[in-house]
Amino acid sequence: MGSDPIADTALLEQLARDVLERSCGAEVVASSESAWPEELWRALDTTGLTRVGVSEARGGAGGGWAEAAAILRTAARYAAPVPLAETSVLAGWALDEAAVELPGGPLTVARGDLRVERRRDGWILSGRADRVPWARESSWIVMFVDRRDTCLVAAVPSDRPRIVRSLNLAREPRDTVICDEIDLRDLPVAELESPTGLVSRGALVRAIQMSGALDRVLELTVEYASVRRQFGRAIAEFQAVQQELALLAGEAAAARAAADEAVSAVAAVTGTPSTRAAHTRREEVAAAKVRTGIAAYEGARIAHQLHGAIGITFEHQLHHFTSRLLSWREEYGNERRWATELGRLLAAMGGEGTWRRLVTAGDPVAP
Amino acid sequence: MGSDPIADTALLEQLARDVLERSCGAEVVASSESAWPEELWRALDTTGLTRVGVSEARGGAGGGWAEAAAILRTAARYAAPVPLAETSVLAGWALDEAAVELPGGPLTVARGDLRVERRRDGWILSGRADRVPWARESSWIVMFVDRRDTCLVAAVPSDRPRIVRSLNLAREPRDTVICDEIDLRDLPVAELESPTGLVSRGALVRAIQMSGALDRVLELTVEYASVRRQFGRAIAEFQAVQQELALLAGEAAAARAAADEAVSAVAAVTGTPSTRAAHTRREEVAAAKVRTGIAAYEGARIAHQLHGAIGITFEHQLHHFTSRLLSWREEYGNERRWATELGRLLAAMGGEGTWRRLVTAGDPVAP
Amino acid sequence: MTLARAAPSTHELGALRAEVRAFLAEARAAGAFIPRCDSWISGHDPEFSRELGRRGWIGRSWPARYGGRDRDELERYAITEELLAAGAPVAAHWFAQRQTGPLLLRHGTEAQRRRFLPAIAGGDCYFAILMSEPNAGSDLASVRTSAEPVAGGWRVTGRKVWTSHAHKSHFGVLLCRTGPPGERRHEGLSQLILDLHAPGVTIRPIRLLSGESHFSEVTLDGAFVPDDMLVGSIGNGWSQVLSELAFERSGPERFLSTMPLILEFIDAAGPDCAPETAETIGLLAAQLWTMRRMSMEIARALAAGDAPAARAALVKDIGTRFEQWSVEAIRRVAGREPAPESADRISSLLAQAIAASPTVTLRGGTSEILRGVVARELASR
Amino acid sequence: MTLARAAPSTHELGALRAEVRAFLAEARAAGAFIPRCDSWISGHDPEFSRELGRRGWIGRSWPARYGGRDRDELERYAITEELLAAGAPVAAHWFAQRQTGPLLLRHGTEAQRRRFLPAIAGGDCYFAILMSEPNAGSDLASVRTSAEPVAGGWRVTGRKVWTSHAHKSHFGVLLCRTGPPGERRHEGLSQLILDLHAPGVTIRPIRLLSGESHFSEVTLDGAFVPDDMLVGSIGNGWSQVLSELAFERSGPERFLSTMPLILEFIDAAGPDCAPETAETIGLLAAQLWTMRRMSMEIARALAAGDAPAARAALVKDIGTRFEQWSVEAIRRVAGREPAPESADRISSLLAQAIAASPTVTLRGGTSEILRGVVARELASR
């Protein structure tokens, strides 16, 4: 039924899996709040996995959404506590679009209440952005300044703004970045076409990550249910447990399908992750964020219910995945925000138009 | 924990049960779409059960909300296909308030796009009301005409308007009543204080009925699950079935509690079902309609799931109850309408005010 | 079914869909049908089925020598989707196309294929699926209907229930016992093609709560089935049925049954709808998009000759729960009472959909059974 | 607990509630506590508990001779509700008041009552409930911790988990095996009062995903329990525990754990909130109203000496599912990300509530176990 770019990424996924298996054990994840996992980052960086989706011309590793998705999904299966997506398909993409060479080290993106003013021979950046992923650990921060119909991007070394630490539910860094008249004159600045490209891309990234984390949550839960015994037998033999396991499997499969559908759609627009791809296929991206967000909650709920009390202890690894699921569904727009946007787009098409749009999902379109 | 008027109604409930057990068998319910159950109506009418909640001075049988609720709940347990609530606590109440003697026969109430105009020496009624319960079978219809801050009620013999037949999901009559310049001069007309009293009362009535129908649905399902065998044993022994049975029991209990709470609250305002009672305790009535409406759907869904295919055959009685549940939750405002109204009332009180209101639920208040 | 064909291009598929849509719009305008939910069960119209057959839209992926058009499975899928979304009356030929066709292509004799497949593809020959028995529910292995060997064939005795449209069909595929149950209870079952008009076959339609009667009870009192009407091999009925179930459970009818209501709702909403309405539409679409992909992945596997039973069960469980949810979601924000026979399209479609809602998680295996299938597969990974 | 007392008037109850509210407002203003969800588990503050004790707000329905105030059960219920809704730190004395007090009043010796009840009511003496064992989960009857009779008492050996605040409590009520399990596995169990500071008792706090440690693992390595610390009779532990579970499962903490978030959300909404927000508030309130009535009916039955185990299980199942739902419902319309340690109250309360959400259907018997209790009762009607 048509060739699918997702199928061609198995080798890349295997590479990522090998690296993560070696460098991203449970103890790395557990201690990440207090210690930046430098070794993990270096392992990912030296294999080029931190730069997939950015053109080789700008110092990236090449590849498009399908390749990036394979890596991000795999990293999420290990709860890798590093800004992999932020460095590659978010900050890296923006720099690529802006024709700026990628700097070294982890990168991130900031958007919020930021503004620029022209002062004599250049731009001055002020304002603040909340919930910036890993700002404290990044070498450079790509600032997104919304303007009327476009978006100004500026790459700023992370020692220029003030950074106030904050966290998400998974205790991943989501910092506040405060810019007090940062002079952009000697820094790379460019204008992007779409002011909302970052949000679509961010939503797609989190959808992909959620589908990866859900696969892992399902694995952990199936394994636990087959090992754990109660009332004299493995709990997987209880019908009530089987019912829940099947529901969990359904959520994981749906999340996977939703993310795959969006990745196929976006990848079909163009080979490289351009602004337009995520934007042209905004409906599929919205659908993916909505469906994976629903699955994130249901999946986390069922997994904890089946794990019982052990699942909420810090020692057990389940919560690393469930807390990420519950954080990621909030980031770059929750289900309600995206469902409302998707609904508006479709309502404008009417019933027949909606049906046409639904059944052409995934079809290749011109960029 | 305080005496409860509900406890004193056991005898009345027993009387209703005896009458219904004799006159409201499954065949009466099954054939009610094609044949008005005259014998059932007469049995209820001769015992006075059709007029509880209306003062004896107007030809009623006396009693207040607690007594009326006991009867309505019991009638719902038998899916009694007659306008019992409409005759007593809806039409009967309005006539009572208007100081009009109750006419004989089944009564109903109509509200909708109705208007009156003054013409020389009296009122002329025009317009239409949709979804009027049992209009085709009623002797008189009490018309509610909304005015600015009040409500005009007029009792009209049912042969004056034109009646267009329609049904609800349970195939109970919900007719359209079309009034073409009906002269009200020789008919009882009065003005009521509250324009929305009917909606509150109707909502409370349907909540009570839903709780009764859910009790019966639970009984039928528990019985079925203990009798029906599959894979060599009673299905009630399967854990998956037990889980669902418990959920069904929970919905039935919650519906009962929600309806009881509202009945207690309204009954505590005054001994007779006055406008003000349902109005003063609008929050409890709203809560009851919301919670029973939720339970109606969940309960019906679970009962059908456990009954399997047999439950959807016309011969089986389950659907008489589930289709009423699904109809009644829509009538006099669905969950969304009442939840929104309740939420607005509470939001205006703020967090602390809401808490105070919640914990004084059921407390007696002055009329 | 295992033939590899070049997948149709997006352009070709689009043209096919456009053709089907144009036909449906015309038929609807001409009053040939009124769109309704659940039309693959409730919309029985032989004339309509024959018209589809004439156009080559039934059994399109089957070999041409059996009356098919040798087209890719994706074309059949696209036609099916268009018919369901439009709420067109496709019940008459539905079960024959969905189950009997693939069954005969996999297990039928050459004579059976030549006899039945062209008639099915022509929209002329309808099959009922005779599996469930009274008091057995989802426990298919407990089949008691028996086939006694007699000269030249079998005499079958027993009772089958919940067979869709048996009273309006020509033949039935009968799951029955031709030998003793083994230790795992699945042995000794076979599938026979039964002429529903044969002596000894009594069909009683079952009246449903909606007033309709699309199910029947079929009583077999020594009805004769000739030898050559055995499908596949003796005693292999259980495994044949299992792969049939994958076809039965994963199709788009498991999540598109309420599509006529959904599309009407979107149409009524319009571009300036309330946030709540928009959110509901978005939630509906997000789930539809997802299930479509899951279902198409299984269609692909089936076309390649696999029988992904657990994945099919999972799609049906998710899909039918979605159908129930979709009715509730629309009902919540639609702002009108469901009313059977109402002139308001949303009110009457809502009434239809609410009445059918309890059945969608029962037909084709209850949710509990499906989840058991999924859980067992998870455990064996 | 079976004494019949005149129910307090609405006016008296209102005055008591006002008194508690005034105290809480003052304490909050003075920084004595920050309201939080789940405060009956997570808010451990001995000083606060002692203050409540001084005011007569712990064990208020107990007889005066045991340190209580001889008041109606409804007063205790009202105080409990006010404390929970305010998110006050009541965990220190919680389990002693909820379970140990009623247990000793029903089954304790006069000496035990005189020794422990006044201390509990004073907010001075805290009890841990030592029931669950590793790898036993909800299967309480599989208890292996054993009590060997020795001169003047028992030596207890075994391991208990998921005991709330054992590391900060004085005593534990230990469910242990004093005899062989009978055919129904429930025989041979007894309850002993264990001094948590006795030699042979090792307590290890368990770190949770939230970073907190309100549960502990208690290892018993031959710790000594004197004869007079047996509660009730030997071998009667199982039936004693069952009635204890009714107290444990039906209280307002089973549906008010997220009340601080709910009230903050309503406050932030204001009178002109969006329809969606209003609907959410209405849905929350409708359920709260209902559960309150169900819970109070059980409180009334308990005060009358009944042990309505199935109804209590049902309330806990509904209540804890409500708590989970309430967090999701608010999160959906709140329009901000949950953020631990945020200055925005709703963001931080949401983060707390989401982190605690998976646990609420586990503690006090999982949903599956509770539904089993309900289903068995339904079958026996």
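Chain identifiers are assigned alphabetically (A, B, ...) following the order of the sequence lines, protein sequences preceding nucleic acid strands; residue numbering begins at 1 within each chain. Given the structure is predicted, the values throughout are model-derived calculations rather than measurements. Below, all heavy atoms of this structure are taken into account, side chains as well, without hydrogens, waters or symmetry copies.
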Point to revise | Side-chain donor/acceptor of D:His167 to backbone N/O of D:Ser213, under 3.5 Å | key: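 The answer is yes, because a donor-acceptor pair under 3.5 Å joins these two groups.
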Less than 4.0 angstrom from a charged side-chain N to a carboxylate O is my criterion; do [X] and [Y] meet it?
X: D:Arg207; Y: A:Glu315; answer: no
X: A:Arg131; Y: A:Glu331; answer: no
X: A:Arg301; Y: A:Glu298; answer: yes
X: A:Asp180; Y: A:Arg162; answer: no
X: D:Arg331; Y: A:Glu335; answer: yes
X: D:Arg36; Y: D:Asp38; answer: no
X: A:Arg337; Y: D:Glu337; answer: no
X: D:Glu244; Y: D:Arg98; answer: no

Review point. Is chain A contacted by the side chain of D:Val333, its backbone, both, or neither, given a heavy-atom distance below 4.5 Å?
Key: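 Both parts, backbone and side chain.
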Review point. Where does D:Gln324 contact chain A at under 4.5 Å (heavy atoms): side chain, backbone, both or neither?
Key: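 Contact with chain A: backbone and side chain both.
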Measure [X] against the heavy atoms of chain D and call it side chain, backbone, both or neither at under 4.5 Å.
X: A:Phe238; answer: neither
X: A:Arg171; answer: side chain
X: A:Glu33; answer: neither
X: A:Leu167; answer: both
X: A:Thr313; answer: both
X: A:Ala240; answer: side chain
X: A:Arg165; answer: neither

Exercise for review: Take D:Ser142 and D:Glu133 through the test side chain to side chain donor-acceptor pair (under 3.5 Å) and record every step on the way to the result.
Suggested key: CA-CA 8 Å; D:Ser142 74; D:Glu133 301 200 353; over 6 Å; no
Review point. If you count heavy-atom pairs under 4.5 Å between each of D:Ala339, D:Ser357, D:Pro340 and chain A, which one has the most?
Key: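 Greatest number of close heavy-atom pairs with chain A: D:Pro340.
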Practice item. Among D:Gly372, D:Pro338, D:Gly335, single out the residue with the greatest number of heavy-atom pairs under 4.5 Å to chain A. Key: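 Top option by heavy-atom pairs under 4.5 Å: D:Pro338.
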Practice item. For the residue pair D:Val241 and D:Gln99, establish whether any side-chain heavy-atom pair is separated by less than 4.5 Å. Key: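 Of all side-chain heavy-atom pairs linking D:Gln99 with D:Val241, none is under 4.5 Å.
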Review point. Looking at A:Ala303, A:Ser323, A:Ala309, which has the largest count of heavy-atom pairs under 4.5 Å with chain D?
Key: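 It is A:Ala309.
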Review point. Which of residues 346-354 of chain D have a heavy atom under 4.5 Å from any heavy atom of chain A?
Key: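 Counting heavy atoms that sit under 4.5 Å from chain A, the residues of residues 346-354 of chain D involved are D:Ala351, D:Ile354.
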Review point. Once you round to the nearest 0.5 Å, how far does CH2 of A:Trp328 lie from CD of A:Gln209?
Key: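 So the gap between those two atoms works out to 4.5 Å.
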